[in-house]
Amino acid sequence: IRELTEASYHLKEADSIFPNLWSRTRAMWHDHYIATRTSLMIALGNFVDAGREIVRAKNPEYPTCLLANAMLLLLGQDFNQGEQVLRKYFKQQRIMGTLHRPELLQPTLHFAESLFGQAKHDDAFASLQEARAIVADFALPADAAWRKTLETWLPRARELGKADVAAALEAEL
């Protein structure tokens with residue numbers, strides 16, 4: 001997580017191995033591989049390459065592909081389409097149980113952004129609250145990235161007159 005140099009190294013290793021896998025194995029892992037490559041490209045800021053990569057997925061409905069595509073849509077400020085893709089992703093995740101799990105923290109924050117970008121402020125702050133509950137309930141570390149997230153949402157809460165939300169965010173910071 002957030003170790004992009006190491007992730008790049010491992011992906012280069014996967015790039016050298018993947019073409020030599022048996023065809024069935026390669027077919028089975030193809031979309032996950034594509035989505036992982038896309039996600040790393042996004043993290044590295046290579047958005048154009050990421051857009052070119054994700055279209056290589058054979059099943060764009062594969063969960064990891066949906067998530068990578070949603071990230072690209074949000075980066076392109078297509079908040080409505082990003083919301084729709086994230087809803088598909090969460091529908092798939094709901095099959096596996098509750099959506100209140102640590103691995104869904106980032107998608108929940110992405111969902112909040114998609115809603116906020118469409119001026120669906122109450123729903124956006126509800127999604128942010130779910131993310132905050134995930135962090136609290138699973139005792140996730142309040143690292144620099146989490147603090148940056150809270151610092152992004154605090155002025156939004158203030159500007160919209162959500163004093164209770166702003167106070168809670170200030171207390172958490």
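What you see is a predicted model, and the numbers here were worked out from it, not measured in a lab.
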request  = Could you give me the CA-CA distance, side-chain angles and deciding distance for L86 and L73, then say whether side chain to side chain contact (heavy atoms under 4.5 Å, CB included) is met?
outcome  = CA-CA 10 Å; L86 285 165; L73 289 164; over 6 Å; no
task = With the side chain counted from C-beta on, respond yes when W153 and V165 share a heavy-atom pair under 4.5 Å apart, and no when they do not.
result = no
request  = State whether D122 and K162 are salt-bridged, where the test is any N-O pair (Lys NZ or Arg NE/NH1/NH2 against Asp/Glu carboxylate O) under 4.0 Å.
outcome  = yes
N69 side chain near T38 side chain, heavy-atom distance below 4.5 Å = no
ask   = Side chains of Q84 and R87: do they bring a donor and an acceptor to under 3.5 Å?
value = no
ask   = Passes side chain to side chain contact (heavy atoms under 4.5 Å, CB included), D123 versus F111? Steps please.
value = CA-CA 10 Å; D123 291 339; F111 189 65; over 6 Å; no
query = Are side-chain heavy atoms of L109 and E113 found at a separation under 4.5 Å?
reply = no
key: Closest approach of I42 to F47 (non-hydrogen atoms, all atoms of both residues)   = O-CE2, 3.4 Å
task = Inspect the contact between E172 and R147 and indicate whether a charged nitrogen and a carboxylate oxygen are less than 4.0 angstrom apart.
result = no
inquiry  = Measuring only between side-chain heavy atoms, which start at C-beta, is M71 closer than 4.5 Å to Q106?
reply    = no
ask   = Is the NZ or CZ atom of R24 positioned over W22's six-membered ring, under 6.0 angstrom from the centre and within 45° of the axis?
value = no
request  = Return yes if some donor-acceptor pair links the side-chain N/O of T149 with the main-chain N/O of A145 below 3.5 Å, else return no.
outcome  = yes
request  = Output yes when R56 and E53 qualify as a salt bridge under the 4.0 Å nitrogen-oxygen rule, no when they do not.
outcome  = yes
query = How far apart are the C-alpha atoms of H30 and Y62, what are their side-chain angles, what is the distance that settles it, and do they pass the ring pair (Phe, Tyr, Trp, His ring centres under 6.0 Å) test?
reply = CA-CA 10 Å; H30 181 267; Y62 183 77; 9.9 Å; no
request  = Start with the C-alpha distance between L104 and Y89, add both sets of side-chain angles, then the distance that settles side chain to side chain contact (heavy atoms under 4.5 Å, CB included), and finish with yes or no.
outcome  = CA-CA 10 Å; L104 295 181; Y89 175 78; 3.6 Å; yes
query = Does NZ or CZ of R156 fall inside the cone over F116's six-membered ring, less than 6.0 Å from its centre and within 45° of the axis?
reply = yes
